[in-house]
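Everything on this sheet refers to the single structure shown next.
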Amino acid sequence: MARTNDRWIWSRGKMLNGHRFDDDANKVYTMPADLFHHAFDSGNPSSISEVVAKFLAHHYQYEAPRIAELERYYLGDNDIHYWHNHKQMLNRADNRVASGFPKFITNMRVGYMMGKPIKMQWSDDKQSDPPVVDAVKDFNRLNDETYHEKVMKTNLSVTGRAYELLYTEQPTKNDDGSTNTAKVKLKAIDPLTAFVVYDTSIEQAPLFGVRYYLVDYDDELAKGYYVDVYTAGTVYHYHAGENPTNASMELIGTDNTGFGVEPLTEYINNEERTGDWEAKLDEIDAYDKALSEMANSEEDFANAKFVINGDIDADYIPVLKPDGTPLLNDDGDPIMIPKIKADDPYLFLKPSVIPGENGNTIVPSSAEYLTKQMNEAGWKLYIERLAADIHKDTNTPDTSDQNFGGNNSGVAMAYKLFGQDQEMSMQKSLFSRGIMRRLRMLTYYWYINGETGIKQDDANGFTITYTPNLPNNDTEIVQDLVQLNDTGLFSDQTLREFGAAITGVSADAEKQRLDDQQEEEEPGQFDSAPLQGVNPADLAAAQAEAKKRAGVEATPNQGNMSPTNFIAGLQRGGKDAK
């Protein structure tokens, strides 16, 4: 996500001071559909800007500060940096140590869900893939869809919402003068600068989307905020002045859209539209404060005051005023202090003798640093408890836990990831809604532009599949593959799909490789039926030799077959792979 150059939004940090966010900081924008059509259908820029300006002012004043604060935390600019205290005035250490919990949690979520590419598969296995499948693959490749999904998931994890914009490039022309269909582009929009307004129906259909941004260019005419308003048919470009809360909307141009609906899609992380660690900001602040105070204590200890009791065996010198004259006591005598150099490695002390009526009082001499006793064990327990609560309540495994090792069984690891998997299940469903809306817009656009073989409702034939990104134990996978093959209940295709996790080659690609390899191999395959005129013993020996060349043991006991030989047998088309 890109950090905004609007300093006002980023300077509103506060720490544990009442409500963290305003009650309207996470509001879903809605308006009656009839009012929307009354203002927008005429295409009147004034009536459109009047509606947009109201939502723009609210978003900038109430919603943007919350989003900016969450983005600050992800970037390591926690509220500890804005904590007000008087330590510096008291000449004490004032360290500000920000923890990395927000980025760690978000990166774990993004890597787990998006570390392996999302599969957009055609769901009908009874027919060959239609042209829309290749069109979607080309679109994903040209727009680096894999990276785009990671950016979208990052925005979701941090702010609870993400925005995706579809737009078209300028159409190109062929040598014969004909015009090609303009290519569709895909872009993730910073949640800090975008929102969507919905109607008030049960379906909450999107009416229009808004993206606004600040231009801080050295030109008085170009400075200020720019606002793009997206509707189903038109994009309106406005210059809004320098104050979004009181925008002076001036139309500077329009563009056409061809997706059938407004092209700005809002994704949500959950029904509350909150980030993955937003609810634990208090604990994160407490953790930061604990680390900072410990750092302050260590620094204060290094700069502790040195207290001396007794008399110093040294020459005495008068204390001088700023004008150089001696400072006098109440009796008019100069105030004398020991002449001590700061770089002296030692001091000579002697007990103080205080005369009295009943004799002298002897005060023993001493020298020590003035420090407070630190409860290091209690401090360590405190921060460990905070860290454990943050991991537990956000369903994020603690990879630094000594029990979170690679030698744990698959069942044990599944239990450690159980909470995250349950939460991720809902997030996948919500993310798939956004992808399906994208596909529907694409197929509609290609259909109305006459792309060959593409139907308007082709998007409904896709299935969205997610593969958790977990470390693989290749040895266990091969062992499981051998056991599945030994049962004789699974086809070659199923086994190839299972083995794709370690080979990195899809089942279809592996099948094609096998077919190509078999065509190149020398003939010499034997039929299982006896050959006329051939000695059965010679035939059996020839069949055994053929199996041996294929890398398969000529013995009915496959339990002793090594995983390496088994995989080699599959790749050579061994008949024992069911």
Side-chain angles (χ1 to χ4, degrees), residues 115-138 140-141 146 461-531 534 538-578:
K116 294 185 178 179
I118 296 175
K119 298 178 182 178
M120 303 178 192
Q121 298 172 314
W122 188 251
S123 57
D124 190 355
D125 295 333
K126 298 180 180 179
Q127 63 179 23
S128 58
D129 292 342
V132 70
V133 174
D134 290 334
V136 170
K137 288 181 179 179
D138 290 340
N140 290 340
R141 176 178 54 82
T146 301
F462 284 93
T463 300
I464 311 301
T465 305
Y466 302 85
T467 304
N469 185 24
L470 289 172
N472 289 330
N473 188 331
D474 292 346
T475 302
E476 288 186 1
I477 294 177
V478 172
Q479 291 173 352
D480 292 341
L481 193 57
V482 172
Q483 293 176 3
L484 292 177
N485 175 74
D486 289 344
T487 64
L489 301 177
F490 299 92
S491 66
D492 289 348
Q493 179 73 6
T494 300
L495 295 173
R496 282 192 290 267
E497 291 176 355
F498 191 88
I502 56 175
T503 64
V505 181
S506 66
D508 293 338
E510 189 66 41
K511 177 63 167 60
Q512 183 62 45
R513 292 183 179 184
L514 288 172
D515 293 341
D516 295 341
Q517 181 173 316
Q518 289 176 358
E519 291 180 0
E520 296 176 358
E521 287 182 349
E522 297 179 0
Q525 300 295 329
F526 292 91
D527 192 277
S528 59
L531 299 178
V534 178
D538 295 337
L539 176 61
Q543 289 176 329
E545 180 62 21
K547 288 184 177 182
K548 185 177 180 181
R549 291 178 59 187
V552 181
E553 295 288 343
T555 173
N557 182 14
Q558 290 191 4
N560 297 327
M561 186 188 304
S562 68
T564 303
N565 289 339
F566 174 73
I567 295 297
L570 283 181
Q571 293 179 338
R572 295 184 175 91
K575 292 173 61 178
D576 289 316
K578 304 296 181 184

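Every value quoted in this text rests on a predicted model; they were computed, and no experiment measured them.
Interatomic distance, Gln479 CD to Leu484 CG, rounded to the nearest 0.5 Å: 12.0 Å. With rounding to the nearest 0.5 Å, the separation of CD in Glu510 from CG in Asp492 is 11.0 Å. Atom CG of Asn140 is separated from atom OG1 of Thr146 by 7.5 Å, given to the nearest 0.5 angstrom.
Scored by the side chain to side chain contact (heavy atoms under 4.5 Å, CB included) test, Gln493 finds Ser491, Arg496, Glu497, Ala507, Asp508 as partners (sequence neighbours excluded). Residues that satisfy the ring pair (Phe, Tyr, Trp, His ring centres under 6.0 Å) test with Phe462, not counting sequence neighbours, are Trp122.
Scanning all heavy atoms of the two residues, the minimum distance from Asn469 to Gly115 falls at ND2-CA, 3.5 Å.
Using a 4.5 Å heavy-atom threshold, the side chains of Phe490 and Asn485 count as separate. Counting only heavy atoms from C-beta outward, the side chains of Ile464 and Met120 approach each other to under 4.5 Å. Using a 4.5 Å cut-off on side-chain heavy atoms (C-beta onward), Asp134 and Asp129 make no contact.
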Checklist entry - Going through the checks in order, is the salt bridge (Lys or Arg N to Asp or Glu O under 4.0 Å) test met by Asp138 and Arg141? => result CA-CA 5 Å; Asp138 290 340; Arg141 176 178 54 82; 3.6 Å; yes
